[in-house]
Amino acid sequence: MPFPSTRLRRLRTNPLVRSHVQETDLAARRLVAPLFVRPGRNLRIPIASMPGQYQMSIDVLLQEAKALQRKGITSLLLFGIPARKDAVGSQAYAPSGIVQQALRALKKALPDVLLIADLCFCEYTSYGHCGILKRQRGRGGEGAKERNSQWDVDNDATLKLIAKTAVAQARAGADIIAPSGMMDGMVKTIRQALDQNGFKNTLIMSYAAKYASAFYGPFREAAESAPRFGDRHGYQMNPANAEEALREVALDIEEGADIVMVKPALAYLDIIRRVKDKFHVPVAAYNVSGEYALVRAAAQKGWVEEKRIIREILTSIHRAGADLIITYHAHDIVP
Ligand code: PBG
């Protein structure tokens, strides 16, 4: 035959045809905007490594949430920068903690916005780890050097504080609790604590497959949560592993997660697809700070077409299987 019998280009004839056969849509309702809240008034402090993102006091946060709502983005993920940090991260669960204050204010002012509370201790502990520390037995030494080799995160002691924090967040108005510390058993612990305290309808979105990633760099400046020593390889996942991500997700679903998350997104599109194919729960993907910063930096240099590249990236994450996308670009993508 002189011509190909299948003419795929017929489907691309003109904009009308193209839009008629388009397979995926990037709807605003799928997007979640992460926001950083800190104590104070009238504060809108730029985050240097994430141009266009700010640490905000609650009054400013309310304005920002309203602006997002007007654009159809009705789901927010809250991170807190507490007034003070300590060895047990007590501001994470204090009723007067900054995230609890923000949740109450948002719930009151914007009852139709879905409030997601990130639950982790790295922003709240003086040493910046996602759980509280235990001293490993059998080794002495008081010097800083020795300390570095001796620390470890105490999984089960952290679970107790996770339960407390989840209840405090739900009580303050969180619709969804999003544990991000990668502690074993965290989802089960949270589900039990919520149920026992009358929060049967509060959802859990688990950071189920969270990798130990260099893409979190800018976030740690934003949330002032960089570890003071060591790294997160003892609790976050090895980027080389995929099967293990499926085990993490399976366990979290068994423990009661309503939504499971893969994080970061772009370097892990294969994981998103495998999770989506294997499990039948809503899948979220976190388009993280480093992914945002790379795009912003190149755009500022005029090297890429920012709006198009953002749309392409978020479309790829959705096409890979993410039902929900957490992204700092939420504001920019909707005109
Ligand atoms: C940890 C946490 C991290 C992010 C959100 N919560 C990562 C980390 O510091 O290890 C990263 C989000 C981002 O990079 O945008 N609780």
Side-chain angles (χ1 to χ4, degrees), residues 1-34 52 68 70-75 114 205 208-209 211 213-215 239-246 248-250 253 258-335:
M1 232 193 313
F3 298 110
S5 56
T6 307
R7 289 182 166 272
L8 281 171
R9 289 192 56 201
R10 205 180 291 124
L11 290 168
R12 301 170 201 148
T13 309
N14 61 45
L16 249 141
V17 171
R18 288 197 291 272
S19 106
H20 196 54
V21 299
Q22 183 174 318
E23 296 175 36
T24 56
D25 278 296
L26 196 62
R29 67 180 175 82
R30 296 192 181 281
L31 304 180
V32 180
L68 285 162
R70 277 196 294 275
K71 292 185 172 188
I73 294 156
T74 53
S75 177
L114 196 66
M205 175 168 79
Y211 286 88
S213 171
F215 283 100
N241 294 355
E243 295 291 332
E244 190 187 342
L246 302 181
E248 282 280 5
V249 169
I253 293 172
D258 301 287
I259 303 169
V260 293
M261 195 201 296
V262 175
K263 176 185 176 182
L266 274 186
Y268 301 88
L269 293 177
D270 58 323
I271 310 295
I272 296 173
R273 171 45 61 194
R274 289 178 69 172
V275 168
K276 186 64 193 167
D277 284 344
K278 192 171 169 98
F279 302 99
H280 303 281
V281 298
V283 176
Y286 200 142
N287 176 222
V288 301
S289 59
E291 302 174 53
Y292 172 87
L294 294 185
V295 170
R296 271 277 195 254
Q300 282 182 349
K301 287 195 175 280
W303 290 347
V304 293
E305 274 181 68
E306 186 167 31
K307 289 263 188 279
R308 279 187 65 201
I309 220 166
I310 292 173
R311 188 157 277 279
E312 192 171 332
I313 286 173
L314 297 182
T315 297
S316 78
I317 298 169
H318 179 38
R319 196 191 59 231
D323 303 292
L324 307 169
I325 305 173
I326 301 161
T327 179
Y328 304 98
H329 293 299
H331 235 318
D332 311 314
I333 192 96
V334 187

Under 4.0 Å between a Lys/Arg side-chain N and an Asp/Glu carboxylate O for [X] and [Y]?
X	Y	result
R296	D332	yes
D270	R274	no
K307	E312	no

**Prompt:** Which is it for S316 and L266 under the side chain to side chain contact (heavy atoms under 4.5 Å, CB included) test, yes or no, and what are the steps along the way?
**Reply:** CA-CA 8 Å; S316 78; L266 274 186; 3.9 Å; yes
Is the shortest side-chain heavy-atom distance between [X] and [Y] below 4.5 Å?
X	Y	result
R308	I313	no
I73	R29	no
P34	Y328	yes
P282	V260	no
V17	R12	no
V281	D258	no

Looking only at non-hydrogen atoms, find the nearest pair between [X] and [Y] and report the distance.
X	Y	result
F215	A267	CE1-CB, 4.2 Å
V249	A209	CG2-CB, 4.4 Å
E248	A208	CB-O, 3.3 Å
I259	A284	CG2-CB, 4.1 Å
L31	A330	CD1-CA, 4.3 Å
A322	A285	CB-CB, 3.8 Å

Check whether any side-chain N or O of [X] sits under 3.5 Å from a backbone N or O of [Y] as a donor-acceptor pair, and report yes or no.
X	Y	answer
D323	V283	yes
N14	L16	yes
K263	N287	no
N241	E244	no
E291	P264	no

**Message:** Would you call the rings of Y268 and Y211 parallel, tilted or perpendicular, taking 30° and 60° as the class edges?
**Reply:**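 Correct class here is parallel.
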Between [atom1] on residue [X] and [atom2] on residue [Y], distance to nearest 0.5 Å:
X	Y	atom1	atom2	result
L324	R30	CG	CZ	7.5 Å
R273	I317	CZ	CD1	13.5 Å
L26	H318	CG	NE2	7.0 Å
L314	I333	CG	CD1	5.0 Å
R319	T24	CZ	OG1	7.0 Å
T315	I325	OG1	CD1	7.5 Å

**Message:** Walk me through whether T327 and Y286 qualify under side chain to side chain contact (heavy atoms under 4.5 Å, CB included).
**Reply:** CA-CA 6 Å; T327 179; Y286 200 142; over 6 Å; no
**Asked** Run the side chain to side chain contact (heavy atoms under 4.5 Å, CB included) check on H329 and V295 step by step: do they pass?
**Response** CA-CA 10 Å; H329 293 299; V295 170; 4.1 Å; yes
